[in-house]
Amino acid sequence: MPRKFYISTLCFTRTYDYSVVYPGPNLNMIVGANGTGKSSIVCAICLGLAGKTAILGRGDKVGLYVKRGCPKGFIEIELYKKSGNVVINREIHVENNQTLWMLNGRHCNQKTVEEEVKALRIQVSNLCQFLPQEKVGEFAKMSKIELLEATEKSVGPPEMYQYHCELKDFRNKERQLESAVKEKASFLEKAKQRNERNKHDVNRYYEKKRHMDVIELLEKKKPWVEYETTLKEHASVKKEREDAKNQLIALKQAQAPMLNKIQEIDNRLKPTEAQIKAKIDDIKQTLRLKQMEEEDHQKRISNTRRTIEDLKAELAKVGDQPDVTPRINVVNIELRRIQEERAKIEGDKGDLRREKDNLFAESKSETKCVFCVDHRKLNDMNNMMNAKEEKLRGRHRDTYTALQWLRKNRHLFEGNVHEPMMLVINVKDHRFAKYVENHISFHDLRAFVFQRKDDMEKFMTEVRDKMNLKVNSISAPEESCSKRPPSRNIERFGFFTYLREMFDAPDEVMSYLCHQYKVHDVPVGKEQTKAMIKTVIEEPYLRVFYTTDERYTVKRSFYSNKISTSNSAVHASQYLTITVDAEEKGQQEQKMKVRETKEQIWRSSAVLDRRDNELLAEKKHLCELKGKKRQLEQKISTKQDSLRQMEQSAIDLTKIEEDTNVKIAAVNSQKVAIVSALMAQMKVWIKNLLMSAMIAVAFSKLPDTLDEIEAMLNEERSRAECFTSLSETVVDEYNRREQEIKHLEKELEAKTNALNTYRQNITEVAKERWLNPLKQLVEQINDKFSDFFRSMQCAGEVDLHSENEDEYDKYGIRIRVKFHSSTQLHELTAYHQSGGERSVSTMLYLMALQELNRCPFRVVDEINQGMDPINERRVFDIVVRTACKQTVSQYFFITPKLLQNLQYAEEMTILCVHNGAYMLPPNQWDEKAFIKRYTKRKSRQGSGGQK
């Protein structure tokens, strides 16, 4: 597959006033001594493609990448494309760190360049694609998860990383569904358990009911048997009844004359109806007179009501308040409580006075100003610590979150655990902060320091794996290095101290810094040091040192023993300028405690005085209000009594009419009641008829004699009494919960089906769209990686690692290597392998990615540093074979040195970087003469029998 685009031209100004690089489309070997400016090419590629300065790790401001003494610099990168080359220009201004961008000759903003770079699949922030010198060590520190994401972005299809992110979101939703199903299942199980416990009581209830039903039937049959007994006696009485009936007929015939007499009396009463009508008219006339009297009575009631309303309106002006007497009582109680608290405060004042005399026994006097100064100091100290933490949160929120978790869970660890270095390092003089901060990387300044490795692993499991936080942690050396002495005397050259003497830190932190950063052996000088810098750098054992405003790094050539130096500005401190004296802070807090106690007592006393005055004023107001209100209330009460008397003496005509209607309604109700009673009786009769039929069947199963019935009644009653403490509520609750369980089972089934469907969809998407292609990609990488290691007589493998196949945010790429036949495969970490072994592993992994050809180019800067010659030669051969194929992407390999007699390829492009006082000037460089001399030298060696 032919390449679509690569870097064809690179112009920049950093180490040089002006330089143009024409790289080849395959492997570009950039060779040059230390300090000649090889890394300037790397910087130009990164910054020219809109990369951040943090990627390079050499300075945080873009202006620092312009050649010293120049007001501005520029970068031009031309990217080859068949459809038309892309040209990116960047002009950097030192004074304000501003940039002017151009894309294909047109001015644009940085976002436009970033979008164009992204469209070309260029990722200078991805260590799998762009590995500058300062970031080589960080590749091995990448977690498996970070390495997977970087690999997906670098060589995976464009949609692979997007699918991975979507699956993480899907998994979060799946967890929510799982939680809902689990909660519903738990609730259902508890409901079933409760019903199972009540089932025994329900069965006992029904057993008791069966006994009670038998008792009821027995009690009903008992009178029936008694009836059967008396029925026989009834037959003898029946004849007597017939005789009495005949006598009744005779009596009715004898009463016939009396009935006729009653009819006559009724006829005589009819004339009295007229008299009754007259009496009714008199009653109506009386009613009309009462109505007139009642009308006058109502007028007097209306006037009285108006008077009451006026009095109430006047009372409302006084204040619509309830009876103030309870409030007055409450005020009196509150006043007594205030007196008691005032007495207690006076006692506290005496105790405080004695405590203050003891605390300030040596002082003759004490003023409020002294306390104010102490308070300001303490506030300043607290604010400084808070400011440090706020800076940490602003720069790296994950570390701040992990810090809060550590403070709550410190008891989980056995050894010493120190908060991030930037919080525990205390610079003795704020002027020293810039040296310490420039010497220690921010990656370590935000690191947690552990005395024990097992504590560190426990911490990283919690915050990195479970909380998904990106934090850094460090294990201090087992043997303390904090007291290690310097290797040389610094009395000469104006040096006045070592970095270690500029700050305090816990022993484990200082031990790590001495071991890793050699702070005990890095001197700091004054202006005198800078003035004699040429003499200083000639010192054979000085590697790193500081002057007033600069850091110097001295390197000695392995070949020529020549010295090369690089210097950089010491930037102002951002985090360590804040210093706090812990002992003085404790003293200030003790003084402030006395001060605050005193102020609290005085504030409490003032509050009590103010409250006392308020209550006295309120009590006076309430007493005045109570008097006036009482007068109005008394008048209203008198009028209301008069009104009630008038209302009581009134003739309630409405009530009379209502009584009439009530009487009519009562007659109607009686009629309705009679009908209802008749219907009820009918129902009872029908029911009794049906019950009688049932009791015909049930009675046949029961005894037929009174003695047997009594015996069975006693037995059933005894059995029923055995079932105590049972009620229908238990049965009702049982039945209600049974319905609830059925409903919950339906809900659980629906949620479980939804979860299973969601899981099935996720599994299909994961395997078809992401997991299967990812496994194929990792297998391809592993094949190449394993082949490379076998060719070096070592072993290595790459696999897709996940503890749980469904946890998509926990997938990662694991690199395992073995460099010795007597050892096992071990995971590549920042601690297990040596620096050279890590470099070999990193380089071969990048080469395994090379043939997958998703990104247009790769950059690796000085990764062969630290390799032994055998491994360096093997790695070089692999790089040449792989990167010189026509189907792979462009490759930049930067190195300060090369072994002799290496195998090269025609497709390679060798770029030699020359700079410095001992280099041949460009105008004197003769390539043909150089090759001629080399050929002649080789021929002389061959004729002499040498290889």
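All values reported here derive from a predicted model rather than from experimental measurement.
No more than 12 heavy-atom neighbours from other residues, nucleotides or ligands sit within 6.0 angstrom of NE2 on His743. Atom NZ of Lys428 has more than 12 heavy atoms from other residues, nucleotides or ligands within 6.0 Å. Crowding of Arg431 atom CZ: a count of heavy atoms from other residues, nucleotides or ligands under 6.0 Å not exceeding 12. Counted within 6.0 Å of CD on Glu614, heavy atoms from surrounding residues, nucleotides or ligands total more than 12; the atom is thus considered enclosed.
For the pairing with Met467, the side chain to side chain contact (heavy atoms under 4.5 Å, CB included) check across Thr461, Asp398, Thr401 returns one residue only, Thr401. Residue Tyr575 forms a side-chain hydrogen bond (donor to acceptor under 3.5 Å, both in side chains) with just one option from Glu437, Arg395, Lys388, and that option is Arg395. Of the options Asp444, Asp504, Val449, a side chain to side chain contact (heavy atoms under 4.5 Å, CB included) to Val509 is made by Val449 and by none of the others.
Residue Leu423 holds its CG atom at 6.0 Å from CD of Glu389, rounded to the nearest 0.5 Å. To the nearest 0.5 angstrom, Lys344 atom NZ is 8.5 Å from Ile601 atom CD1. Thr399 OG1 to Phe442 CZ: the interatomic distance, rounded to the nearest 0.5 Å, is 6.5 Å. Distance check: Met456 CE to Gln451 CD gives 13.0 Å after rounding to the nearest 0.5 Å. Expressed to the nearest 0.5 Å, how far OG of Ser473 lies from CZ of Arg446 amounts to 10.0 Å. Rounding to the nearest 0.5 Å gives a distance of 6.5 Å between CZ of Arg611 and CD1 of Ile338.
Side chains of Asn438 and Lys434 form a contact here, defined as non-hydrogen atoms less than 4.5 Å apart. The shortest distance between side-chain heavy atoms of Phe503 and Phe432 does not fall below 4.5 Å. Counting heavy atoms from C-beta outward, Ser642 and Thr638 have side chains that stay 4.5 Å or more apart. Annotation: side chain of Glu462 is not in contact with side chain of Asn409 (no heavy-atom distance under 4.5 Å). A heavy-atom distance below 4.5 Å is not found between the side chains of Met460 and Asp465. Considering only heavy atoms from C-beta on, Gln739 stays 4.5 Å or farther from Arg736 through its side chain. Using a 4.5 Å heavy-atom threshold, the side chains of Asn416 and Pro506 count as separate. A 4.5 Å side-chain heavy-atom check between Val463 and Leu406 finds every atom pair outside the cut-off.
Of all heavy-atom pairs between Thr577 and His430, the closest is O-CB, 3.7 Å. Nearest heavy atom pair, residue Leu576 against residue Leu445, reads CD1-CD2, 4.4 Å. Scanning both residues, Val427 and Ala433, for their nearest heavy atoms gives CG1-N, 3.7 Å. Heavy-atom minimum distance, Glu419 versus Arg407: OE2-NE, 2.9 Å.
Residues satisfying the side-chain hydrogen bond (donor to acceptor under 3.5 Å, both in side chains) criterion with Glu501, sequence neighbours excluded, are absent altogether. Shown here are the side chain to side chain contact (heavy atoms under 4.5 Å, CB included) partners of Glu414, two or more places apart in sequence or in another chain: Arg452, Asp455. Checked against salt bridge (charged side-chain N to carboxylate O under 4.0 Å, His left out), Glu749 has no partners two or more places apart in sequence or in another chain.
Side chains of Arg306 and Asn303: a donor-acceptor N/O pair is present below 3.5 angstrom, by distance only. Between the side chains of Arg336 and Gln339, no donor-acceptor pair is found at a separation under 3.5 Å.
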Worksheet entry | Verdict with reasoning, Asn472 to Phe448, per side chain to side chain contact (heavy atoms under 4.5 Å, CB included) | CA-CA 7 Å; Asn472 187 29; Phe448 297 83; over 6 Å; no

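The aromatic rings of Phe413 and Trp405 sit perpendicular, their planes meeting at an angle over 60°, well past the 30° parallel limit.
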